[in-house]
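Only one structure is covered here, and it is reproduced in the block below.
Just so we're on the same page: letters track the sequence lines, and every chain starts at 1.
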Amino acid sequence: MSRVFALVDCNNFYASCERVFNPKIANKPIIVLSNNDGIVVARSNEVKSLGIRMGAAVFEIEDLIKKHDITVFSSNYTLYADMSDRIMETLSTFTPEMEVYSIDEAFLDLAGIKGSLTDYSQKIRNTVKQWTGVPVSIGIAKTKTLAKIANYIAKRSEKAKGVLDLTDSPYMDKVLAQVPAEKIWGIGSRTAAKLKHLGINTALDLSRADAEMVRDKFGVVYARVVCELQGACCYDLEQNPPAKKSLAVSRMFGRPVESLEQLKEAAANYAARAGEKLREENFAASLLTVYVITSMFIKNAYYNSQTVEFQTPTTNTTELISSAQLCVEKLYRKGCKFKKCGIVLNGLVQQDNIQQNLFDTRDRQKTKRLMEVIDKINSSTAPGIFWAAEGIRQPWRVKFKKRSKHYTTDWNHLPEAV
DNA sequence: TCTGGGGTCCTAGGACCC
DNA sequence: TCTGGGGTCCTAGGACCC
């Protein structure tokens, strides 16, 4: 049976989450910033119409922020993740055939729905708004790529009222002609620029291109985009997402790091976070990579990485930290102002599938119990237990100056009704 | 002075094997 | 002097996504 994909996408998700708990700014311009309050990662519509772009550096738009009295938030991922869970739970009451695609998007299969898909989708929209306070838009079509496009128009068209159904639509070509090539799902700015040279500027142009030609010139991924635009489904609903292959923890520093000691501290801290994530998802890691990076905007920019392999896949933070620190010692360069460091864990295996090593000297059961106890304490107490290697003062730590409260996940942060 | 974080997939090229 | 062809595996880098 063929699918009918509905892409539900939250409008300005992070900004909308902040608004739910601050009704006073319902129609005011607001932005949400990245870690370290560096760049803009979410904008309300009022801000979009001011011409402030996604990814704009905060220092570049200070004047605009003042001039238009824009309310600024540091990012609050704890809040957004919890709001996301609530929205996904709401959506799941409308169909069991659902793929959670990202923190603010889900594909639903509406193939079994009788009657008007537009009416049904309006009902979904209203329910999500009522139950969670977050506005969503819905695009419906026979392929995921077309559903993305329907959503793009649904968000922008007054007439659509947040829902556009492109299944058997007489307006298909008209819609495709309105979508610039770089807005198509899977076409980034680089490929869009190359397509332009071939006279392909819109989704309509690309849908009329020869898939074979596109395959030869750009590769299979892009040939699939062409097929999807033509209505041939290449990507099915993924209800059981494949297991993760890598896991990373990386952060810019609050201020540049020049000493080996501080770089080791930061790496230890990130390795400890990576260990927590690893155990939370029931994985063990076979490979650990550390990378360090100076500003890329300077002349002698330096980027380098080191990888170590574990004889037996590990979940042990102590082992992760000591490996990470060994890597940092090899990577460190005197005189460099490091801006960022990252830990990547690869070769992830499920904990109960760990291949034992004959020459293993560690008591794996004992450290496993130790990690369990530490995780348990840390999940209920802050600051909790940490490794001395992570440092105490942590001058490199990122800064969040304007973070809102954890309204939905912390009793001490409950919203107040006044 | 000041530019995020966490992922995925594909491809080309090198190493190695018979 | 003349120096093959085909396969696999791995890795780094590119491009993309939200």
Exercise. Using the C1' atom as the reference point in each nucleotide, state the distance between C:dG4 and B:dC16 in Å, no decimals.
Key: 16 Å

Exercise. Take the C1' atoms of the five end pairs on each side of the helix from B:dG5-C:dC18 to B:dC18-C:dG5, get both axes, and report the angle to 10 degrees.
Key: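 Overall, the helix from B:dG5-C:dC18 to B:dC18-C:dG5 bends by 10° from one end axis to the other.
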
Checking the side chain of [X] only, and the main-chain atoms of [Y] only, is there a donor and an acceptor separated by less than 3.5 Å?
X	Y	answer
A:S380	A:I377	yes
A:N126	A:K123	no
A:S34	A:V41	no
A:R43	A:I52	yes
A:E228	A:T145	yes

Atom [atom1] of [X] and atom [atom2] of [N]: how far apart are they, to the nearest Å?
X	N	atom1	atom2	value
A:I293	B:dG4	CD1	P	10 Å
A:Y235	B:dC9	OH	P	11 Å
A:N36	B:dT1	CG	P	17 Å
A:L33	B:dC2	CG	C1'	13 Å
A:Y291	B:dG5	OH	C1'	8 Å
A:D37	B:dT3	CG	P	12 Å
A:Y222	C:dA15	OH	C1'	5 Å
A:E99	B:dT8	CD	P	14 Å

As an exercise, state the distance from [atom1] of [X] to [atom2] of [Y], rounded to the nearest 0.5 Å.
X	Y	atom1	atom2	answer
A:E97	A:Q239	CD	CD	4.5 Å
A:S74	A:N35	OG	CG	9.0 Å
A:E265	A:Q325	CD	CD	9.0 Å

Any [X] side-chain N or O less than 4.0 Å from OP1/OP2 of [N]:
X	N	answer
A:R190	C:dA15	yes
A:K148	C:dC16	no
A:K244	B:dG7	yes

Look at the side chain of [X] and decide which nucleotide, out of [options], has an atom nearest to it.
X	options	value
A:S250	B:dT8, C:dC17, B:dG6	B:dG6
A:V221	C:dC17, B:dC10, B:dG4	B:dC10
A:T191	B:dG7, B:dT3, C:dA15	C:dA15
A:W185	B:dG4, C:dC18, B:dC10	C:dC18
A:K277	B:dG6, B:dG5, C:dC17	B:dG6

Categorize [X] for me: base, sugar-phosphate, or nothing, with a 4.0 angstrom heavy-atom threshold over every strand shown.
X	answer
A:Y270	nothing
A:E105	sugar-phosphate
A:F13	nothing
A:L287	nothing
A:V220	sugar-phosphate
A:R273	nothing
A:I103	nothing
A:D104	sugar-phosphate
A:S75	nothing
A:V58	nothing

Exercise. Salt-bridge test for A:D210 and A:K217: reply yes if a basic N is under 4.0 Å from a carboxylate O, no otherwise.
Key: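 Looking at A:K217 together with A:D210, the answer is no, because their closest N to O distance does not fall below 4.0 Å.
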
Quiz prompt | Lys/Arg N to Asp/Glu carboxylate O, A:R3 vs A:E99, below 4.0 Å | solution =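 Judged by the 4.0 Å cut-off on N to carboxylate O distance, A:R3 and A:E99 do not form a salt bridge.
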
Quiz item: Given A:Y120, which of A:T95, A:L108, A:V163, A:L110 fulfils the side chain to side chain contact (heavy atoms under 4.5 Å, CB included) condition?
Solution: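 Answer after filtering A:T95, A:L108, A:V163, A:L110: A:L110.
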
Exercise. Pull out every residue in residues 321-344 of chain A that has a heavy atom closer than 4.0 Å to any atom of DNA chain B, ordered by number, or say none.
Key: A:K339, A:K340

Quiz prompt | Residue closer to the 5' end of DNA chain B, A:R224 versus A:N35 (nearest nucleotide) | solution =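 Its nearest nucleotide being more 5', the pick is A:N35.
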
Quiz prompt | First encountered from the 5' end of DNA chain B, between A:R251 and A:F59 | solution =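 Closer to the 5' end of DNA chain B: A:F59.
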
Quiz item: A:L166 and A:L146: which non-hydrogen atoms are nearest, and at how many Å?
Solution: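 Of all heavy-atom pairs spanning A:L166 and A:L146, the closest is CD1-O, 4.1 Å.
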
